[in-house]
Each structure stands twice: as structure tokens, then as C-alpha cells.
2 protein chains.
Amino acid sequence: MNEQSCPEFTGLELSPRKVDYLKFILEKGGTVKTTEISSSLKVDPSTTSKTLNELAGAGYLNHVPYKGVDLTELGEVYAEFLVRRHRILSLLLTHYGLSTEEACSEVSRLEAFVSRDAVNKICSAMGHPMVGVCGEITHEKCFHEEHHS
Amino acid sequence: MNEQSCPEFTGLELSPRKVDYLKFILEKGGTVKTTEISSSLKVDPSTTSKTLNELAGAGYLNHVPYKGVDLTELGEVYAEFLVRRHRILSLLLTHYGLSTEEACSEVSRLEAFVSRDAVNKICSAMGHPMVGVCGEITHEKCFHEEHHS
DNA sequence: CAAAAATTTGGGTATACTCCAAAAATAAGC
DNA sequence: GCTTATTTTTGGAGTATACCCAAATTTTTG
């Protein structure tokens, strides 16, 4: 026991805003255009364009200029973690008297600073819940980490 | 019910680092010197000096140049909230399989982004615990908010 | 294929946080 | 009490995040 879970990433790699971009791209699915992201995140398209470039440079996205972005394999794994983290933490807060909306907005503010290790421990302690307050919770990585070796 | 609790502050006023300064100053107690803060937070004294000035400008500290700082009334109330927030959140995380050290370091990363409303709700849901994992939890404000009007 | 729409680039602003070097003030030693 | 040593502050500068505007570019459409 205590093999430190799979050390591919800590969950602290991305800035708060980049987390938003990746979560949106995963939830939208497929190839996503700059405009969609901009209107959803309420930022200027030029801001989106630059951020997308940075995320592509870091290996999370494939960016075909003027066409759009889609997640790389790494990006997909990572974004799934980000969404799972958001949902686990939101669910957690609703157990302490926060409404769904309060929990979600609270978590949106802090999620980028919660480590993967902490999320996995919380997830285990909660019994790997399948239903979150803002969407289904998927546990692929979570189960693997708990069961192998 | 739902009188929005006392709206003096949201708990989101200060940046992560400023939270560290204020927590340290409260826990140290009395007049605190630049050097003490610098060595505790491991930053250059010039950084401390500037940050102290900003906190004084925002009304949290009295700063007597070359002598040291101490908390204003606002600063004291606020810093007590900051310490309580840290302890409530740390205690919370230890209920989910995190060790004291893990909980504390996790919370240190995210605490600045947790609202006072959320802390008060969590605090109530936990039954206003008096003993945290990294120190006693005081509930002055918490009780007042829950009981009046 | 020209006009419209989307996207990117270049340039700039703001906040947070940091350090170094030099100036200023306080504290200590003789 | 005055000179040295220490502490603190100031000035200058750098990095990272995050944002916008205007202009250039590319794609799409009528």
C-alpha cells in the first residue's frame, strides 16, 4: 500500500482559467471553435486564441489554426480528471449545507488548487459516488488507482 | 432565516499570500517585525515590507515604519476568520482520509478561495467543532451569525 | 469572388508575487 | 556618543496569469 498512486500528474499543473478551458472543451466534445469557448467563458476571442495556443504547446490540445481544437490523449485524460474533481468536490460541499449552485461556484473558485491525491482520497472515502450534483461522475482512473498493485 | 449572514466581508478579499501574512501576524501576536515574517514565509524582507504596506493601506495592519506591524481591529477580526477557515477546512479534509499534514498543506493552497458563507455553513454542519487538527477553533463570529435575528 | 465572419497577432494594461541593490533608520558595541 | 552592524525600506526589474483592443489574416458565404 501507499504506492503514491500513479504519478503522471499532480492535478496542479494548470492555472484556474486553463482548467475552465479544458473542462469546457471536454464537455462540448469533438472539435471546438474559438468563438464557442469565448462566448461560454465570456472572454475576448483573442484571449481564447492565445490560451488555446498555450494549452496546445503544453500537449493538452491539437490546434489547427482557424479550424479549432480538440483534446489530445493527454488532454482527454486530464480533462476527465478535471471534471471528476469538480464534481467530487461539489458533491462534497453539498453534504455541508451548500446548495448545488453554491457548491459549484465555490468549487469553481478553488478546484485548480486541489491535488489529485486529495481528490482520490476524498473519492474513496465517499465510496466512489456515481452521481454528482452537476453531472455523472466517472471513475476510470480512480478505480484503477485503487485496485492495481 | 437567510439574512445572508453579516455582510462585513466575503472572505475573498485577500490574495493567497496576504492570507499567509495575516495568519502569521495573528498567531505570532503583538507587534511583529519584518524579519520574523520574512523568515517564516521564506521571502525577501523587501517583499515583506511591501506586502505589509499594502495590508496597512487596506486597513488590516498598523505599520510603524522600521518598528513593526500589529493588527487593526478589522485585521484582528479578519485574521481570526482566516485562522478559523484554515482549521475548519483542514479538519474537514481529515474526515476524508487525508493526514493532518496533507490536509493542512492542501488547505493552504486553496483556502483563500473559500467564501465566508461556505465556511459558516460547513462549520454549522460539523456542529461547530472546538478542536481542529492544527489548533483550537474559535467560534465567536460563527455563533453570532447563527443566533442573532 | 467580394464582402462578412471568425481567428490570430501585436501591443498594452493590471494584479500578484518575487528578488536584488542601494538608501535610510534603528540598534549595538566600545 | 559615535561608529559599525543590523534591520527595514525604496527603487528598479522580472515572471506568470489573465485580460482587452485594433489590425492583419484566413475562412466562409452570398
* To do: Output the single nucleotide from D:dC21, D:dT9, C:dC17 whose closest atom is nearest the side chain of B:H63.
  => D:dT9
* A:Y21 or A:K67: which one's nearest nucleotide on DNA chain D is closer to the 5' end? -> A:Y21
* Residue matched to C:dC17 through Watson-Crick or wobble contacts both under 3.5 angstrom -> D:dG14
* **Candidates C:dC19, C:dT8, D:dT10 - which lies nearest the side chain of B:N53** => D:dT10
* d(CG, B:D44; P, D:dG12) in whole Å -> 17 Å
* Atom pair distance, as rounded to whole Å: CZ in A:F113 and P in D:dT17 -> 11 Å
* Name the closest nucleotide to the B:S46 side chain, picking from C:dA24, C:dT8, D:dG11. => D:dG11
* Starting at atom CG of B:L41, determine the distance to atom C1' of C:dC19, rounded to an integer number of angstrom. => 15 Å
* Asked: Between D:dT17 atom P and A:D20 atom CG, what is the distance in whole Å?
  -> 14 Å
* Considering only C:dC17, D:dT9, D:dT27, which nucleotide approaches the side chain of B:Y66 most closely? -> D:dT9
* Just checking A:K50: base, sugar-phosphate only, or nothing, at a heavy-atom cut-off of under 4.0 Å? -> base
* Asked: Rounded to the nearest Å, what distance is computed from the CZ atom of residue B:R109 to the P atom of nucleotide C:dC17?
  -> 16 Å
* Residues B:K121 and A:E102 bridged, charged N to O under 4.0 Å -> yes
* From the options C:dT8, D:dT17, C:dC17, select the nucleotide whose nearest atom is closest to the side chain of A:S49. => C:dT8
* Figure out the CD/P separation between B:E36 and D:dT6, and round it to whole Å. => 18 Å
* So does A:T47 get a side-chain nitrogen or oxygen closer than 4.0 Å to the phosphate oxygens (OP1/OP2) of D:dC19? -> no
* Asked: Just by modelled atom types, is the B:V133 backbone N or O under 3.5 Å from a matching donor or acceptor in the B:R87 side chain?
  -> no
* Within the distance-only criterion (no hydrogens, no angle test), does the side chain of B:R85 pair as donor or acceptor with the backbone N or O of B:G11 below 3.5 angstrom? -> yes
* **Interatomic spacing from OG in A:S90 to NE2 in A:H95 - rounded to 0.5 Å** => 11.0 Å
* Which nucleotide sits closest to the side chain of A:R17: D:dA18, C:dC17, C:dT18? -> D:dA18
* Asked: Could you give the CD1-to-P distance, from A:I37 to D:dA18, as a whole number of Å?
  -> 15 Å
* **Any donor-acceptor N/O pair under 3.5 Å between C:dC17 base and B:T51 side chain** => no
* Asked: Using the benzene-type ring in the case of Trp, are the ring centres of A:F9 and A:F81 under 6.0 Å apart?
  -> yes
* Atom pair distance, as rounded to whole Å: CD in B:E54 and C1' in C:dC17 -> 9 Å
